> 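The structure under discussion is supplied below as structure tokens; questions concerning it will follow.
As the structure is a prediction and not an experimental result, all values here were calculated from the model.
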Amino acid sequence: MARVSTIVLPAVTSAIAVTAVAVTDSRFGDTEFLITLRDVVRFVVSRFNEAELFFGHGTSNAFDEAVHLALHILHLPPDTLELFYDARLSDAERGEILHLAARRVDEKIPLAYLINRAWLGDFSFYVDPRVIVPRSFIAELLRDGLEPWLAEPANIRSALDLCTGSGCLAILLAHTFENAHIDAVDISDAALAVAKHNVDAYNLTDRIDLIESDLFDALDGKRYDLIISNPPYVDEAAMQSLPVEYRHEPHLALAGGMDGIALVRRIINRARLKLHRGGILIVEIGHNRPAIEAAFPELEFTWLPTSAGDDFVFLVEYENLP
């Protein structure tokens, strides 16, 4: 799989802007005793733990999030913490880190929105509240070119990313399957505007078409070798109890109907008409495996192994689709 070592993300004005502030503006009180990067990271970790923040938008704990925030503000690569741990910070650097840390605590905004940056593996994406923060087990599977379920990646000439959001999975598809043209579909024109920034940043405008559509509705006459989707799949009960952090994300990108599989049903029922013979469908469905298997008892699902287990992403071959 081809890698991109460096990209320049476009300058985009977000509703949540990162702004440098003086250290005296910090809402954490007197912080002049914080001298080094180590001091600031320790302090931010303590404040994040004290606030009982919810993590799940690219990090899983207070330490990783504090490090990610600090290194981003300092314009340092993600793997350089040890090298710079005891470096002294300027007042402006310290102030900017603490300012965003205070917003993270007070407003429960996902860090990705505060810094307008999210990562999937080695790939970085611009994000803001118009799109869900990228996180998908499908990204893990694409690292290996969908082996062993896809024998000849070079034979993938056309692929579809349904519910593309920020365009992250469409961009990973383009790097995984270098002979493929990609259609990236979303019902939200606001999300597609963000996706366009990311597609432009990776210089993939000649290989990825962004299409506003309610799933397959605007794709008349098109067929694909591969369809992937990470659709909204949170059921109604879970939507009512989401942590505050998730409520900053678009409702449209999360809500999957009463049982969480309203869109998945539609995808399964129409996918065969949009695949070439021999094509495959891959869909991420969260914790909804029992509901999916109950809804399609005759369908032969292949459940793909991910870092969280084998209950979250399914594959169905063209021949087995209804």
Side-chain angles (χ1 to χ4, degrees), residues 135-142 144-153 155-165 169-170 173 176-177 180 182-187 211 213-239 252-322:
R135 51 189 184 275
S136 175
F137 294 121
I138 294 175
E140 299 177 10
L141 300 166
L142 289 175
D144 297 322
L146 298 179
E147 293 182 350
W149 305 281
L150 195 62
E152 296 291 342
N155 290 341
I156 300 295
R157 301 286 179 169
S158 58
L160 171 63
D161 175 23
L162 281 177
C163 309
T164 194
L169 291 181
L173 280 173
T176 302
F177 304 109
I182 317 296
D183 283 348
V185 166
D186 206 284
I187 195 173
I211 301 171
S213 177
D214 183 359
L215 298 182
F216 300 109
D217 286 357
L219 302 178
D220 289 347
K222 289 177 174 283
R223 285 182 179 262
Y224 304 92
D225 300 316
L226 170 65
I227 298 174
I228 67 167
S229 184
N230 182 18
Y233 54 66
V234 183
D235 65 43
E236 184 61 31
M239 286 295 297
L252 186 66
L254 295 172
M258 186 61 65
D259 61 0
I261 63 170
L263 274 77
V264 181
R265 280 194 189 89
R266 293 173 57 197
I267 292 169
I268 290 174
N269 284 327
R270 296 185 63 188
R272 184 182 175 99
L273 298 174
K274 293 301 176 184
L275 281 170
H276 291 302
R277 190 174 299 276
I280 59 175
L281 169 70
I282 295 175
V283 182
E284 182 168 334
I285 48 83
H287 295 279
N288 292 321
R289 178 172 176 173
I292 290 291
E293 291 181 327
F296 296 92
E298 304 301 321
L299 196 55
E300 186 177 335
F301 292 100
T302 299
W303 294 93
L304 306 184
T306 72
S307 58
D310 61 358
D311 294 329
F312 301 98
V313 180
F314 69 74
L315 178 153
V316 182
E317 297 175 337
Y318 168 90
E319 291 76 9
N320 295 325
L321 282 164

> Check whether more than 12 heavy atoms from other residues, nucleotides or ligands sit under 6.0 Å from atom CD of Glu317, and answer yes or no.
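12 or below, so no.
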> Can you list everything that forms a salt bridge (charged side-chain N to carboxylate O under 4.0 Å, His left out) with Arg223? Sequence neighbours excluded, please.
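Testing Arg223 for salt bridge (charged side-chain N to carboxylate O under 4.0 Å, His left out), a comparison that skips the adjacent residues, returns none.
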> List for me each residue that meets side chain to side chain donor-acceptor pair (under 3.5 Å) alongside Glu236, sequence neighbours excluded, and say none if there are none.
Gln240
> Can you check whether Ile282 reaches Leu146 side chain to side chain, under 4.5 Å on heavy atoms?
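They are in contact (side-chain heavy atoms under 4.5 Å apart), so the answer is yes.
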> Nearest 0.5 Å please: distance from the OG atom of Ser158 over to the CG atom of Leu173.
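Taking OG in Ser158 and CG in Leu173, the distance rounds to 11.0 Å.
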> For residues Ile227 and Ala271, report the shortest heavy-atom separation together with the two atoms involved.
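Residues Ile227 and Ala271, closest heavy atoms: CD1-O, 4.2 Å.
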> Take Tyr233 and Ile292, measure what side-chain contact (heavy atoms from CB on, under 4.5 Å) needs, and give me the verdict at the end.
CA-CA 11 Å; Tyr233 54 66; Ile292 290 291; over 6 Å; no
> Any non-hydrogen side-chain atom of Phe296 less than 4.5 Å from a side-chain atom of Ile261?
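Answer no - side chains too far apart.
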> First locate atom CG of Asn269, then atom CG of Leu299, and finally report the distance between them rounded to the nearest 0.5 Å.
9.5 Å
> Out of curiosity, Asp310 CG to Leu304 CG, how far, rounded to the nearest 0.5 Å?
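Taking CG in Asp310 and CG in Leu304, the distance rounds to 9.0 Å.
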> Determine the minimum heavy-atom distance between Lys222 and Ile211, stating which atoms define it.
CE-CD1, 4.4 Å
> How long is the span from the CD1 atom in Ile280 to the CG atom in Leu150, to the nearest 0.5 Å?
5.0 Å
> With sequence neighbours left out, what residues match Phe137 under ring-ring contact (aromatic ring centres under 6.0 Å, His included)?
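With neighbours one apart ignored, the set is Phe312.
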> Run the ring-ring contact (aromatic ring centres under 6.0 Å, His included) test against Phe314 and tell me which residues pass, sequence neighbours left out.
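ring-ring contact (aromatic ring centres under 6.0 Å, His included) check on Phe314 returns Phe301, Trp303.
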> Please, which pairs that meet salt bridge (Lys or Arg N to Asp or Glu O under 4.0 Å) have at least one residue in residues 255-271, sequence neighbours excluded?
Asp214-Arg266, Asp217-Arg270, Asp259-Arg265
> Would you list the pairs meeting salt bridge (Lys or Arg N to Asp or Glu O under 4.0 Å) in which at least one residue belongs to residues 278-307, sequence neighbours left out?
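Every salt bridge (Lys or Arg N to Asp or Glu O under 4.0 Å) pair that includes a residue of residues 278-307, provided the two are not neighbours, is Arg289-Glu293, Arg289-Asp311.
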> List the residues meeting side-chain contact (heavy atoms from CB on, under 4.5 Å) with Asp235, not counting sequence neighbours, and say none if there are none.
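By the side-chain contact (heavy atoms from CB on, under 4.5 Å) rule, Asp235 matches Ala237, Ala238.
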> Got a sec, which residues hit ring-ring contact (aromatic ring centres under 6.0 Å, His included) with His276, two or more places apart in sequence or on another chain?
none
> Can you list everything that forms a side-chain contact (heavy atoms from CB on, under 4.5 Å) with Ala294? Sequence neighbours excluded, please.
none
> Going by heavy atoms in the side chains, are Val264 and Pro231 under 4.5 Å from each other?
yes
> Tell me the closest heavy-atom pair linking Ser136 and Leu169, and the distance in Å.
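Looks like OG-CD1, 3.8 Å.
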> Which heavy-atom pair separates Asn288 from Gly260 by the least distance, and what is that distance?
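Here Asn288 and Gly260 meet closest at ND2-O, 3.6 Å.
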> When you compare the side chain of Leu263 with that of Leu162, does any pair of heavy atoms fall below 4.5 Å?
no
> Check Leu160 against Phe216 and note the closest heavy-atom contact, atom names and distance.
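The answer is CD2-CE2, 3.7 Å.
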> Between Lys274 (side chain only) and Leu219 (backbone N and O only), is there a donor and an acceptor less than 3.5 Å apart?
yes
> The test is side-chain contact (heavy atoms from CB on, under 4.5 Å); show your working for Ile187 and Cys163 and say whether it passes.
CA-CA 7 Å; Ile187 195 173; Cys163 309; over 6 Å; no
> Could you state the interatomic distance from CZ (Arg272) to CG (Leu281), rounded to the nearest 0.5 Å?
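It comes to 12.5 Å.
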> State, to 0.1 Å, how close Gly145 and Pro153 come at their nearest heavy-atom pair, and which atoms those are.
O-CG, 4.1 Å
> Is there a donor-acceptor pair closer than 3.5 Å between any side-chain N or O of Asp225 and the backbone N or O of Arg157?
yes
> Within a strict 4.5 Å, meaning less than it, do heavy atoms of the Ile228 and Leu141 side chains meet?
no
> Just verifying a value: how many Å separate Ile138 CD1 and Thr306 OG1, rounded to the nearest 0.5 Å?
10.5 Å
> Only counting residues at least two apart or in another chain, list the ones meeting side-chain contact (heavy atoms from CB on, under 4.5 Å) with Pro305.
Trp149
